[in-house]
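No experiment lies behind these values; they were computed from the predicted model shown. No hydrogens, no waters, no symmetry mates; every other heavy atom, side chains included, goes into these values. Letters go in sequence order (proteins before strands), and every chain restarts at 1.
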Amino acid sequence: MIDLKLLQKDFESVNKKLMRKGVDATLIEELKLKNEELKKAKSSYETLQALQNSMSKEFGIYKREGKDISELKARVDANKIVINEALDIQRNTQEELEKIAMSIPNMPDDDVPDGADEEDNIELKKVLTPREFTFTPKEHWELAEQNGWIDFERGVKLATSRFSVQFGMGARLERALINFMLDFNRSRGFDEVSVPALVNRSALEGTGQLPKFEDDLYKMQNQELFLIPTAEVPVTNIYQDEILREDELPKKMTAYTSCFRKEAGAAGRDTRGMIRQHQFHKVELVAITHPNESEKVFKEMVECASDILTALELPHRLVNLCTGDLGFGAAHTTDIEVWLPGQNTYREISSISNTREFQARRAKIRFKDGKKNSFVHTLNGSSLAVGRTLVAIMENNQNEDGTIDIPEVLKPYLGISI
RNA sequence: GGACAGCUGGCCGAGUGGUCGAAGGCGCUCGCCUGGAACGCGAGUAUAGGGCAACCUAUCGAGGGUUCGAAUCCCUCGUUGUCCA
């Protein structure tokens, strides 16, 4: 959530920043006016309430002393009618304000490049050089089918489109990748956690998926529970509504979960293969840090994810997202894109974001900052999307006959002697 | 699924309609005491919002209700424990 005090104090700069992210200027104006309206409504309600409280105290004294209360009661009753009106106004205004405030995205950092979409993202660096093929590399679904690793048709039979079944080495590689990634992250100081795959509304509001993106979430029918679209949601919200000690920070966590997305806005995109599935595996990094430390941890997270790809010998590049491609909660994001020779392009395999105070303010995650409480910074990033890593291994490590070489670092996880 | 009992500050725990933002204890901070410490003594010690401030408002699991007034009474929900199915 955006800082309403900052909005009030420095409207111009907040407005400018949000405009870069394409937020409607009238909405920001409206939020500011609503906030002022709420302050007025609160103050008039509180004044009336203070009067009511003092009259009520008097009431007690009157009774104890046996005085006649009829005149006082008349005053108090009259005041009560006015209070109720003021309270109604206050509540409505509050509700309207929250509705607007919760739907406004985070402000991008000043050094985030301007841009409309992914075309305007800025490449930061390339890691490893894509290999030269002496034959035309196949796309992963062809290889998957040929090796009997992934069955897309049976996935559709069991559920619906965008689901798949992994067999044999395909299934084992997934499991090996998950274990390898978790171990790798742990070696970089991220503690492993295991979290629910179903979460409630307030968790999703905390990290920013709700209220705006409900259409992309799977919701239980008879309960206010949703399947998680990313482990970011349960892991970040572990500390929802808590005040942490400063010496507990940073909290660096890693979790493996399945993720579930309706992909409502992605009709027609990546319909073939396992690039965009409704259910996919992901190993996630989440950090909760002191505000001074978030950029340092951010770099560690990017490095961690990139180093996993390097360990798997997968060429990739780091990309700085432009304002138009930035997610709802992010102040800035670095994407990691892995080289897919079959598609002859780099594709996103990880997205690492610093949300700064944005999620912390929504989820009320604070720390004891000396005498007072301050909001922490929260960060999240994939390390990595498992299905896409499997795709990258298949496409990069394919031989002319369609067989696929297993990366050395995964062999111990597959019981293959090196 | 049913019955009963809880849910109070960092922790434990008292509090069944007004003087309760909440006794007491523990912990923590500061000071005194001491060569230094323990003990002892004294002071302080929740969060959010508003105000230059005095101070005001809200919060005793959450929400709603009764009442001039609710931690306390009523309702709904959540949650923990125990027992039954």
**Item:** Pair A:Asn380, A:Ser353: side-chain N/O donor-acceptor within cut-off below 3.5 Å
**Value:** no
**Message:** Nearest whole Å is fine: how far is B:G18 P from A:Leu72 CG?
**Reply:** 17 Å
**Message:** Which nucleotide, if any, forms a Watson-Crick or G-U wobble pair with B:A14, using both distances under 3.5 Å?
**Reply:** none
**Prompt:** How is A:Lys5 classified with respect to the nucleic acid when contacts are heavy atoms under 4.0 Å: base, sugar-phosphate, or nothing?
**Reply:** sugar-phosphate
**Prompt:** Taking atom types as modelled, is there a side-chain donor on A:Ser164 or A:Gln166 under 3.5 Å from an acceptor on the other?
**Reply:** yes
**Complete:** Across all chains, not counting sequence neighbours, the ring pair (Phe, Tyr, Trp, His ring centres under 6.0 Å) partners of A:Phe367 are A:His290
**Pairing residues for A:Trp339 by the ring pair (Phe, Tyr, Trp, His ring centres under 6.0 Å) criterion, not counting sequence neighbours** = A:Tyr346
**Asked** Can you list the residues that meet the side-chain contact (heavy atoms from CB on, under 4.5 Å) rule with A:Glu142, with sequence neighbours excluded?
**Response** A:Lys138
**Request:** Find the partner of B:G21: check Watson-Crick (N1-N3 plus N6-O4 or O6-N4) and G-U wobble (N1-O2, O6-N3) distances, both under 3.5 Å, and reply none if neither fits.
**Result:** none
**Request:** Apply side-chain contact (heavy atoms from CB on, under 4.5 Å) to A:Asn79 and list each qualifying residue two or more places apart in sequence or on a separate chain.
**Result:** A:Leu48, A:Leu51, A:Gln52, A:Met55, A:Ile83
**Message:** Which residues in residues 92-101 of chain A have a heavy atom closer than 4.0 Å to any atom of RNA chain B?
**Reply:** none
**Donor + acceptor pair across side chains of A:Thr207, A:Gln209 (<3.5 Å)** = yes
**Message:** Under 4.0 Å, counting only non-hydrogen atoms across every strand here, what does A:Glu58 touch: a base, just sugar-phosphate, or nothing?
**Reply:** nothing
**Asked** Under 4.0 Å between a side-chain N or O of A:Lys80 and OP1 or OP2 of B:G69?
**Response** yes
**Item:** Separation of B:C77 C1' from A:Asn200 CG (nearest whole Å)
**Value:** 14 Å
**Asked** What parts of residues 235-250 of chain A reach RNA chain B, counting only heavy atoms under 4.0 Å away?
**Response** none
**Fill in**
pair_partner(B:C83), Watson-Crick or wobble, both distances < 3.5 Å, evaluates to B:G2
**Prompt:** Does any donor atom in the side chain of A:Asn92 or A:Glu96 lie under 3.5 Å from an acceptor atom in the other side chain?
**Reply:** no
**Prompt:** A:Asn84 CG to B:G69 C1': how many Å, rounded?
**Reply:** 14 Å
**Message:** Please name the nucleotide paired to B:U45 by Watson-Crick or G-U wobble geometry with both distances under 3.5 Å, or report none.
**Reply:** B:G27
**Prompt:** Rounded to the nearest Å, what distance is computed from the CG atom of residue A:Asn79 to the P atom of nucleotide B:G69?
**Reply:** 10 Å
**Gap between atoms CD and C1', on A:Gln52 and B:U67 respectively (whole Å)** = 11 Å
**Prompt:** Partner of B:A53 by Watson-Crick or G-U wobble geometry, both contacts under 3.5 Å, or none?
**Reply:** none
**Complete:** Taking a pair to mean Watson-Crick or G-U wobble geometry with both distances below 3.5 Å, B:C7 pairs with B:G78
**A:Lys39 side chain, from C-beta outward: closest of B:G50, B:A48, B:C68** = B:G50
**Complete:** From CZ of A:Phe367 across to P of B:U47 the rounded distance in Å is 14 Å
**Message:** Taking any heavy-atom pair under 4.0 Å as a contact, classify A:Lys368: base, sugar-phosphate, or nothing.
**Reply:** sugar-phosphate
**Request:** Could you tell me which nucleotide pairs with B:C73 by Watson-Crick or G-U wobble geometry, both distances under 3.5 Å, or answer none if nothing does?
**Result:** B:G65
**Message:** Can you list everything that forms a ring pair (Phe, Tyr, Trp, His ring centres under 6.0 Å) with A:Phe59? Sequence neighbours excluded, please.
**Reply:** none
**Complete:** The Watson-Crick or G-U wobble partner of B:G40, with both key distances under 3.5 Å, is B:C32
**Complete:** Testing B:G49, B:A48, B:G69 for proximity to the side chain of A:Lys42, the answer is B:G49
**Message:** Taking side-chain contact (heavy atoms from CB on, under 4.5 Å) as the definition, give me every residue that meets it alongside A:Asp111, ordered by chain and number, with sequence neighbours left out.
**Reply:** A:Asp109
**Prompt:** With sequence neighbours excluded, what pairs up with A:Phe358 under the ring pair (Phe, Tyr, Trp, His ring centres under 6.0 Å) test?
**Reply:** A:Phe328
Output a table of donor-acceptor pairs, distance under 3.5 Å, between side-chain atoms of residues 296-305 of chain A and any protein atom two or more places apart or on a different chain; print 'none' if there are none.
unit_1   : atom_1 : unit_2   : atom_2 : d
A:Glu300 : OE1    : A:Lys252 : NZ     : 2.7

**Asked** Reading nucleotides 54-65 of chain B 5' to 3', which nucleotides get B (base under 4.0 Å from a protein heavy atom), which S (sugar-phosphate only), which -?
**Response** --SBS-----S-
**Request:** State which residues pass side-chain contact (heavy atoms from CB on, under 4.5 Å) with A:Asp191; sequence neighbours excluded, sorted by chain then number.
**Result:** none
